[in-house]
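Hydrogens, waters and symmetry mates play no part in the numbers below; they use all other heavy atoms, side chains included. Note that the structure is predicted; figures quoted are calculated from it, not measured.
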Amino acid sequence: MKCVLFALALVCAAQAIYVPQPMKDMDVRKLAGKWHTMAMASNDMSLLNSEEAPMKVFINKLTATPEGNMEVTLSKWVNHKCVEITILAQKTQDPAVFMIDYEGQKITVTVVDTDIIHYMYFCMNIPMPSAKQATVCQYTSRTMDPSEEYLKKFDKVLEAQPMEIQIYLNLAKADGITKGEEDPLTKATSMDFGRSIM
């Protein structure tokens, strides 16, 4: 009887743990369209902690190219102005992994999980001068009013990443940046330095 109860407890515990599934059969064309950045986190505070931090970017739109690449339209602050930039995410042998040449750096972008119609979680591995690997992860939503469920799921995605979170920005109420508006960093519902998701 004890063995049965123990086995049942293990099954229930396993169901409560969210494990991101590899996106082996992802079709980039289905990712095309409008997206809104809802949250971002990193193991390197300098990448997100200021208005013009290098990886503090807000996804606006994805466009699939005939070659299977992805054009990413994003907004970011440059010289105290909100600018829109389009960059090319080049496909790799893995349909969920892309390479981006951004500000002179080769960045690997991995779509960790998506249901295509509601949410997408992706992580970027950024080469740094030190030996440490820097990672920035984002939760993007198709709508500007995402479910709290997807924010919680993003926390689970972060738990599964091999990194210690140094900064976490919840922008669910700010939705990126618009020309003439203040930086969402000041409007974020939470900005936790050294937040532990674990």
Side-chain angles (χ1 to χ4, degrees), residues 18-44 47-48 53-65 68-76 84-103 105-128 133-144 146-147 149-172 174-177 184 188 197:
Y18 169 72
V19 180
Q21 298 300 309
M23 305 299 297
K24 292 181 179 176
D25 300 321
M26 191 183 74
D27 184 347
V28 296
R29 294 169 298 180
K30 293 181 179 178
L31 289 178
K34 198 166 178 68
W35 290 94
H36 307 274
T37 296
M38 294 289 111
M40 56 181 84
S42 179
N43 63 341
D44 188 316
L47 296 176
L48 297 176
M55 299 310 297
K56 194 171 173 199
V57 298
F58 304 87
I59 306 302
N60 297 332
K61 185 175 69 171
L62 300 179
T63 306
T65 71
N69 299 320
M70 187 75 72
E71 286 185 352
V72 183
T73 304
L74 54 88
S75 296
K76 70 171 300 191
E84 192 170 81
I85 302 168
T86 299
I87 56 178
L88 183 66
Q90 296 181 310
K91 68 178 180 179
T92 66
Q93 290 184 340
D94 186 330
V97 178
F98 299 86
M99 294 299 296
I100 291 178
D101 188 352
Y102 180 69
E103 296 188 350
Q105 292 183 313
K106 297 288 185 188
I107 297 172
T108 304
V109 180
T110 302
V111 178
V112 179
D113 191 13
T114 181
D115 70 350
I116 304 294
I117 57 173
H118 296 108
Y119 67 86
M120 176 174 61
Y121 308 122
F122 66 90
C123 292
M124 300 175 281
N125 292 324
I126 301 108
M128 299 294 281
Q133 179 74 42
T135 302
V136 174
C137 295
Q138 278 203 21
Y139 155 40
T140 58
S141 171
R142 287 287 193 184
T143 70
M144 294 171 63
S147 164
E149 170 192 351
Y150 300 132
L151 277 169
K152 290 178 181 176
K153 204 171 183 181
F154 180 56
D155 285 353
K156 297 295 184 184
V157 166
L158 295 176
E159 284 179 17
Q161 300 305 308
M163 65 175 182
E164 182 181 343
I165 302 299
Q166 294 295 316
I167 181 169
Y168 181 101
L169 305 179
N170 180 342
L171 307 169
D175 184 50
I177 52 178
I197 301 295

Student: I need the minimum non-hydrogen distance between Y168 and A39, along with the two atoms involved.
Tutor: OH-CB, 4.3 Å
Student: Quick check: closest heavy atoms across G68 and F98, and the distance to 0.1 Å?
Tutor: O-CE2, 4.2 Å
Student: T37 and Q138: side chain to side chain donor-acceptor pair (under 3.5 Å), yes or no, with the steps?
Tutor: CA-CA 7 Å; T37 296; Q138 278 203 21; 2.9 Å; yes
Student: Dump the intermediate steps for side chain to side chain contact (heavy atoms under 4.5 Å, CB included) on M163 and I165, then the final yes or no.
Tutor: CA-CA 6 Å; M163 65 175 182; I165 302 299; 3.3 Å; yes
Student: Does any non-hydrogen side-chain atom of Q166 lie less than 4.5 Å from one of L48?
Tutor: no
Student: Measure the CZ-CG distance between F122 and L31 for me, rounded to the nearest 0.5 Å.
Tutor: 11.0 Å
Student: Check side-chain contact (heavy atoms from CB on, under 4.5 Å) between D101 and all other residues, then give those that pass, not counting sequence neighbours.
Tutor: K106
Student: Using 0.5 Å steps for rounding, measure from the NZ atom of K30 to the CG atom of D115.
Tutor: 12.0 Å
Student: Identify the two heavy atoms, one from K153 and one from D113, that lie closest to each other, and give their separation to 0.1 Å.
Tutor: CE-OD2, 4.0 Å
Student: Looking at A64 and A32, what are the two nearest heavy atoms and their distance?
Tutor: N-CB, 4.1 Å
Student: If you compare all heavy atoms of M128 against all heavy atoms of A134, which two are closest, and at what distance to 0.1 Å?
Tutor: CG-CB, 3.4 Å
Student: Evaluate the side-chain proximity of I107 to M55: yes if any heavy-atom separation is below 4.5 Å, no if none is.
Tutor: yes
Student: If I take atom CG from residue L169 and atom OG from residue S42, how far apart are they, to the nearest 0.5 angstrom?
Tutor: 9.5 Å
Student: Run the side chain to side chain contact (heavy atoms under 4.5 Å, CB included) check on E71 and N69 step by step: do they pass?
Tutor: CA-CA 7 Å; E71 286 185 352; N69 299 320; over 6 Å; no
Student: I'd like to know if the side chain of T114 and the backbone of Y119 have a donor-acceptor N/O pair within less than 3.5 Å.
Tutor: yes
Student: Would you mind reporting whether D44 and I126 have side-chain heavy atoms less than 4.5 Å apart?
Tutor: no
Student: When you compare the side chain of R142 with that of I117, does any pair of heavy atoms fall below 4.5 Å?
Tutor: no
Student: Take L62 and M120 through the side chain to side chain contact (heavy atoms under 4.5 Å, CB included) test and state the conclusion after the steps.
Tutor: CA-CA 12 Å; L62 300 179; M120 176 174 61; 3.7 Å; yes
Student: Give, for atom CG of L74 and atom NZ of K61, the distance between the pair rounded to the nearest 0.5 Å.
Tutor: 12.0 Å
Student: Who passes side-chain contact (heavy atoms from CB on, under 4.5 Å) against A53, sequence neighbours left out?
Tutor: S50, K56
Student: Between M38 and L171, is there a side-chain heavy-atom distance shorter than 4.5 Å?
Tutor: no
Student: Look at the aromatic rings of H118 and Y150 and report parallel, tilted or perpendicular, splitting at 30° and 60°.
Tutor: parallel
Student: Does some side-chain heavy atom of V112 sit less than 4.5 Å from a side-chain heavy atom of Q161?
Tutor: yes
Student: How long is the gap from CD1 on I100 to CD1 on I87, to the nearest 0.5 Å?
Tutor: 4.0 Å
Student: Mind checking what makes side-chain hydrogen bond (donor to acceptor under 3.5 Å, both in side chains) contact with T135, not counting sequence neighbours?
Tutor: N125
Student: Let's go through T108 and M99 carefully: what are the C-alpha distance in whole Å and the side-chain angles of both, what is the deciding distance for side chain to side chain contact (heavy atoms under 4.5 Å, CB included) to 0.1 Å, and is it a yes or a no?
Tutor: CA-CA 5 Å; T108 304; M99 294 299 296; 3.4 Å; yes
Student: Decide yes or no for E84 and N60: does some side-chain heavy atom of the first lie under 4.5 Å from some side-chain heavy atom of the second?
Tutor: yes
Student: Search all heavy atoms of T143 against all heavy atoms of S141 and return the closest pair with its distance.
Tutor: O-OG, 2.9 Å
Student: In the structure I gave you, are the side-chain heavy atoms of C137 and F154 within less than 4.5 Å of one another anywhere?
Tutor: yes
Student: Working to the nearest 0.5 Å, report the span between OH of Y139 and CG of D155.
Tutor: 11.0 Å
